[in-house]
Novice: 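Encoded as structure tokens, here's the structure I'll be asking about.
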Amino acid sequence: MRADIEAAALAAERDPAGVTLVAVSKTQEPDAIDAALATGQRVFGENRVQEAQGRWGPRRAGLPHLQLRLIGPLQSNKAEDAVALFDVIETLDRAKMARALADAIQKTGRDPTVLIQVNTGAEPQKAGVLVPDVASLLALARHEYGLRVEGLMAIPPVDEAAAPHFRRLFQIAANEGLSVLSMGMSNDYAAAIAEGATHVRVGSALFGERKALPGPL
Ligand SMILES: *Cc1c(COP(=O)(O)O)cnc(C)c1O
């Protein structure tokens with residue numbers, strides 16, 4: 001998979017070192033995790049706090065260079081657990097969550113970096129702040145709550161071409177002076193890299209198809 005990402009970066013005339021593979025390990029069995037670790041993979045994405053605690057809590061101590069990224073929606077009452085476990089929280093999308101993260105950071109003494117999730121397709125069922133509201137949430141997160149916001153994340157609508165959404169996210173990030181762009185998954189990572197992704201979140205193309213998730217995603 002890393003070779004594919006490198007090839008996509010070179011095809012886009014980008015430095016492959018500028019694109020990080022986030023291995024999305026949700027629902028994977030321990031053997032699959034260990035196999036990924038054995039290849040040197042150290043950056044992992046998880047979308048549920050509790051599941052991630054079970055998987056990474058016991059492994060973490062022996063892995064000083066591990067980086068865990070929360071890529072799923074976060075509830076305020078899980079903010080403290082999330083801050084305690086994750087190094088990057090990619091899914092900030094509302095003021096209430098910014099406040100909960102700030103409180104959790106103060107309480108735990110940890111200081112994860114943060115991405116703002118943007119609902120580029122304005123899909124009613126999808127998490128993420130709407131495009132016109134990115135700037136105000138960014139200002140609030142930084143200035144009111146002191147969060148270290150370093151970029152944006154998005155999941156384009158499944159039934160539309162992804163590239164225009166990636167391009168929009170890139171433009172918003174450029175306007176706001178943000179350098180990190182988490183976009184692109186198994187089916188569209190190459191398009192995302194062509195549009196400037198710094199982090200691609202790849203699950204099934206790396207690990208194979210997932211088991212069914214327990215309950216709604
Ligand atoms: C599951 C998930 C991915 C990985 O999806 P694949 O299509 O398996 O690569 C990426 N991003 C988020 C937010 C996810 O929930």
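Counting starts at 1 for both ligands and their atoms, in listed order. Computation of the quantities below employed the complete heavy-atom set of this structure, encompassing side-chain atoms and omitting hydrogens, waters and symmetry-equivalent molecules.
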Novice: Atoms of ligand 1 less than 4.0 Å from Asn47 heavy atoms?
Specialist: 15 (O)

Novice: Within the structure, does Ser186 bring an N/O atom to less than 3.5 angstrom of an N/O atom in ligand 1?
Specialist: yes

Novice: Does Asp87 pair with Arg60 as a salt bridge, N-O distance under 4.0 Å?
Specialist: yes

Novice: Counting from 1, what ligand 1 atoms have a heavy atom of Arg201 closer than 4.0 Å?
Specialist: 4 (C), 9 (O), 10 (C), 11 (N), 12 (C), 13 (C)

Novice: Can you check whether Val149's main-chain N or O pairs, donor with acceptor, with Arg142's side chain at less than 3.5 Å?
Specialist: yes

Novice: Please work out, at 4.0 Å between heavy atoms, whether the side chain, the backbone, both, or neither of Ile155 comes within that distance of ligand 1.
Specialist: side chain

Novice: Between Thr120 and His165, does any side-chain donor sit less than 3.5 Å from a side-chain acceptor?
Specialist: yes

Novice: Pick, from Ser204, Gly203, Gly45, the option with the minimum heavy-atom distance to atom 4 (C) of ligand 1.
Specialist: Gly203

Novice: Using a strict cut-off of 4.0 Å, indicate which atoms of ligand 1 neighbour a heavy atom of Val202.
Specialist: 9 (O)

Novice: Check Ile71 against ligand 1 and report side chain, backbone, both or neither, counting heavy atoms closer than 4.0 Å.
Specialist: both

Novice: Sub-3.5 Å donor-acceptor pair from the side chain of Asp93 to the main-chain atoms of Gln117, do we have one?
Specialist: no

Novice: Any salt bridge between Glu46 and Arg69, counting N to O under 4.0 Å?
Specialist: no

Novice: Tell me yes or no: between the side chains of Arg99 and Ser76, is some donor less than 3.5 Å from an acceptor?
Specialist: no

